[in-house]
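Each residue takes its place number in the sequence, starting with 1. Keep in mind that this is a model prediction, so the values were computed, not measured.
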Amino acid sequence: MRLTTMTQITVDGVMQGNGHATPEELASGFNRDGWALGAFADDTGEMITGTWGTRPEMQAHPIGVALNGAQKYVASNSLERPSWGPVTLLSGDATAAIRELKESSSGEIQVHGSAKLIRSLLAAGLSTN
C-alpha cells in the first residue's frame with residue numbers, strides 16, 4: 001500500500017485542524033487558535049460539523065458514497081467501538097499494524113491529520129512505497 005498523509009500545515013510548520021485549537025492545545029501554550037478559519041465559508045464549516053457518515057445528504061453525495069464504502073482503519077488505544085464502518089481498529093502498536101498493511105495489501109492508506117502518528121510512521125521508514 002502507498003502511504004499518503006492528508007494534512008494541513010502552515011509554511012512555518014504549524015499543523016492543526018481547521019478553525020480551532022483544543023482546550024488541551026491552548027493549555028499547553030499553543031497560541032494559533034483558528035489560524036485557518038478565515039478561509040472557510042459558512043457552508044464549509046457546516047459540512048465539516050456533521051460527518052459524511054451520518055448526514056443523509058452527505059451520505060448520498062458521490063464523495064460520501066466513496067467514503068462510506070471504503071475500508072477505514074482507526075489507530076486508537078482508547079476507542080472501543082468505532083461507529084463509521086467498514087472499519088478496523090488498530091490498537092496497540094499502530095506503526096507495526098500499518099507496516100503490516102503496507103506489506104500485505106495494495107492501493108493506498110491515508111493518514112488524516114495526526115501529526116504524532118505521521119511522525120512515528122516517517123521515523124519507522126514507512127514513507128517509502
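Note: L67 CG to H61 NE2 = 10.5 Å, rounded to the nearest 0.5 Å. One finds the OG1 atom of T5 at 12.0 Å from the CZ atom of R119 (value rounded to the nearest 0.5 Å). Annotation: the span from T95 atom OG1 to L122 atom CG amounts to 10.0 Å, rounded to 0.5 Å.
Looking at heavy atoms from C-beta onward, L101 lies in side-chain contact with L90 at the 4.5 angstrom threshold. At least one side-chain heavy atom of L3 sits less than 4.5 Å from a side-chain heavy atom of V111. Side-chain contact between I109 and Y73 is present, with at least one heavy-atom pair separated by less than 4.5 Å.
Between G69 and P86 the shortest heavy-atom distance is O-CG, 3.9 Å. The two residues V74 and L89 make their nearest non-hydrogen contact at O-CD1, 3.4 Å.
At distances below 3.5 Å, not a single donor-acceptor pair connects side-chain atoms of R2 with backbone N or O atoms of Q110. Judged purely by atom type and a 3.5 angstrom limit, N77 has no side-chain atom pairing as donor or acceptor with the backbone of S91. Judged by distance alone, with hydrogens and angles left aside, the side-chain atoms of K102 form a donor-acceptor pair with the main-chain N or O of L126 at under 3.5 Å.
No side-chain donor-acceptor contact under 3.5 Å links Q59 and E57. Residues T4 and E108 bring a donor and an acceptor atom of their side chains to less than 3.5 Å of each other. A donor-acceptor contact under 3.5 angstrom links the side chains of Q71 and T88, judged on distance only.
Linking ILVMFWY residues whenever their side-chain heavy atoms come closer than 4.5 Å, directly or via other members, leaves V65 and M58 in distinct clusters.
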Could you give me the CA-CA distance, side-chain angles and deciding distance for L117 and I98, then say whether side chain to side chain contact (heavy atoms under 4.5 Å, CB included) is met?
-> CA-CA 10 Å; L117 179 58; I98 292 171; 4.2 Å; yes
